[in-house]
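Below is one structure, written out as structure tokens, with a few remarks after it.
What you see is a predicted model, and the numbers here were worked out from it, not measured in a lab.
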There are 2 protein chains.
Amino acid sequence: MRIGELAKATGTKAETIRYYEREGVLPAADRTDSNYRDYTDGHLATLTFVRRARELGFSMSQVRELLALSDHDDKPCENVDQLVQRQLVEVKRKIADLSAMRDELAQLLRSCQSDRIGECRIVESLGRRN
Amino acid sequence: MRIGELAKATGTKAETIRYYEREGVLPAADRTDSNYRDYTDGHLATLTFVRRARELGFSMSQVRELLALSDHDDKPCENVDQLVQRQLVEVKRKIADLSAMRDELAQLLRSCQSDRIGECRIVESLGRRN
DNA sequence: GCTTGACCTTGTAGTAGCTACAGGGTCCAT
DNA sequence: ATGGACCCTGTAGCTACTACAAGGTCAAGC
């Protein structure tokens, strides 16, 4: 299949697919006579895997690790488990950070009762004294 | 005050302060005879404002907007309000996205009962068939 | 007076993960 | 043979810093 078809099938831009190839998360495809990339179903599966992992917030290097691990059918999957575990912790941390932001922003909004900047609690709360 | 002092006072690296100057979120300071930047308390207040806004997730261009707005004491602060509102919505959206990620990651972890990659639900769920 | 070390200066390049060209080649239908 | 849709490579841009390199300044200590 050509790059455009693979792109459509996975919701990925062709440029991104080529980028993934350069970054080593998608093996280079064979080329046609006219030098077009020719992808297999294996490529489709791998790209789906990569996109899914990226959607779950794994970094490119983590994706590389996951791919390397998933290539060894017979090895224990405790390492995969660990990567997922670590990512889960990271995501939870981000949620906590954002929740704090959300609360502070909501607090800011509640604090502003005035209508002129000069008396605006928001501007004041952020630390500006003119 | 010199850049190092301002840096320490605000928990910002000197390089970041110079970057903020280039980006127009912190006015250029006067220079001493030896060409060192010489900051005022006004700079300290502005930098505190900028850092706080950045911590709350505002982008640099939003920070620029907030600064521009906060310069007009007599104008209504409804625009400030709107910016905060919009940022709150955005933060909530990110929290929702991350919560979905968290749930999926947790689900992945629960799904993996096997110990070999070949049978690993995690690898399978991500879309890889070898 | 000279050195040492901490500070400051500019300018440039790197980070992550794409995305968007420019400038060119290929292929198929009309 | 011409148009349009696709493909190719290579490079530059995006955000918000961060990290140098190569050099200038200044106060303290000998």
Side-chain angles (χ1 to χ4, degrees), chain A residues 1-26 28-40 43 46-67 86-87 90-91 94 97-98 101, chain B residues 1-26 28-40 43 46-67 86-87 90-91 94 97-98 101:
Chain A
M1 120 192 51
R2 295 199 303 187
I3 199 168
E5 298 170 69
L6 182 61
K8 202 173 277 179
T10 58
T12 312
K13 309 211 162 169
E15 275 125 334
T16 304
I17 294 175
R18 286 189 282 258
Y19 168 71
Y20 284 166
E21 181 183 315
R22 276 200 307 283
E23 291 299 305
V25 296
L26 189 64
D30 286 347
R31 298 300 181 107
T32 66
D33 290 349
S34 49
N35 201 32
Y36 289 3
R37 286 171 181 82
D38 189 17
Y39 291 101
T40 65
H43 285 105
T46 300
L47 181 54
T48 303
F49 181 100
V50 169
R51 292 301 277 181
R52 186 110 180 72
R54 293 282 310 120
E55 273 170 28
L56 289 171
F58 289 98
S59 70
M60 290 295 276
S61 78
Q62 284 175 320
V63 171
R64 263 188 294 268
E65 284 186 69
L66 284 170
L67 286 169
R86 230 175 287 153
Q87 179 57 13
E90 184 59 20
V91 166
K94 281 184 186 160
D97 285 357
L98 284 165
M101 279 191 203
Chain B
M1 133 189 41
R2 296 199 300 188
I3 199 168
E5 297 171 69
L6 182 61
K8 203 173 278 180
T10 57
T12 313
K13 310 212 162 165
E15 276 125 333
T16 304
I17 294 174
R18 287 189 282 258
Y19 168 71
Y20 284 167
E21 181 184 315
R22 278 200 305 282
E23 291 299 305
V25 296
L26 189 63
D30 286 347
R31 298 300 180 107
T32 65
D33 290 350
S34 48
N35 200 32
Y36 290 2
R37 286 171 180 82
D38 190 17
Y39 292 101
T40 65
H43 285 103
T46 300
L47 181 53
T48 303
F49 181 99
V50 170
R51 291 301 276 181
R52 186 109 180 72
R54 293 283 308 119
E55 274 170 25
L56 289 170
F58 290 98
S59 70
M60 291 294 279
S61 79
Q62 285 175 319
V63 170
R64 264 188 293 268
E65 284 185 70
L66 283 169
L67 285 169
R86 229 174 290 153
Q87 178 57 15
E90 184 59 20
V91 166
K94 280 183 188 164
D97 284 356
L98 284 166
M101 276 191 207

Could you tell me the separation between the CD atom of B:Gln87 and the CE atom of A:Met101, rounded to the nearest 0.5 Å?
7.5 Å
Show the atom names and distances, to 0.1 Å, of all donor-acceptor pairs under 3.5 Å that link a side chain in residues 15-25 of chain B to residues at least two apart or in another chain.
residue: B:Tyr20; atom: OH; partner: B:Arg51; partner atom: NH1; Å: 2.9
residue: B:Glu21; atom: OE1; partner: B:Arg37; partner atom: NE; Å: 2.8

Could you encode protein contacts along nucleotides 24-30 of chain C as a string, one character per nucleotide from 5' to 3', using B for base contact, S for sugar-phosphate-only contact and - for no contact, with a heavy-atom cut-off of under 4.0 Å?
-BBS---
Start and end of the DNA chain D segment that chain B contacts, any atom under 4.0 Å from a heavy atom
D:dA16 to D:dC26
What's the spacing between A:Arg52 CZ and A:Leu56 CG if we round to 0.5 Å?
5.0 Å
Let me know the distance between CZ of B:Arg22 and P of C:dG11, rounded to the nearest Å.
9 Å
When the nearest nucleotide of DNA chain C is assigned to A:Arg51 and to B:Arg37 on a heavy-atom basis, which residue is associated with the more 5' position?
B:Arg37
Say you draw a straight line from CD of A:Glu90 to CZ of A:Phe58; how long is it, rounded to the nearest 0.5 Å?
11.0 Å
Looking only at side-chain N and O atoms, does B:His43 offer a donor or acceptor that is under 3.5 Å from a partner on B:Thr46?
no
For atom OH of B:Tyr39 and atom P of C:dC7, their distance in whole Å
16 Å
Output all residues satisfying side-chain hydrogen bond (donor to acceptor under 3.5 Å, both in side chains) with A:Arg2, sequence neighbours left out; order by chain, then residue number.
none
So how far off straight is the helix from C:dG1-D:dC30 to C:dT30-D:dA1, going by the axes through five pairs at either end, to 10°?
30°
Nearest non-hydrogen partners of B:Met1 and B:Thr40, listed with the distance:
CE-O, 3.8 Å
Output the residues of residues 11-21 of chain A in contact with DNA chain D, where contact means a heavy atom of the residue under 4.0 Å from an atom of the strand; sort by number or write none.
A:Arg18
Please find the pair of heavy atoms, one from A:Ala14 and one from A:Ile3, that lie closest to each other, and give the distance.
O-CD1, 3.6 Å
How many Å lie between CG on B:Asp30 and P on C:dT9, as a whole number?
13 Å
Of all the heavy-atom pairs spanning B:Asp38 and B:Thr32, show the shortest one and how long it is.
CB-CG2, 4.1 Å
State, yes or no, whether a side-chain contact exists between A:Thr12 and A:Leu47 at a heavy-atom distance under 4.5 Å.
yes
In Å and rounded to the nearest 0.5 Å, what is the CG to CG distance from B:Asp97 to A:Leu98?
10.0 Å
Given side chains that start at C-beta, do those of A:Arg54 and A:Met60 come closer than 4.5 Å, heavy atoms only?
yes
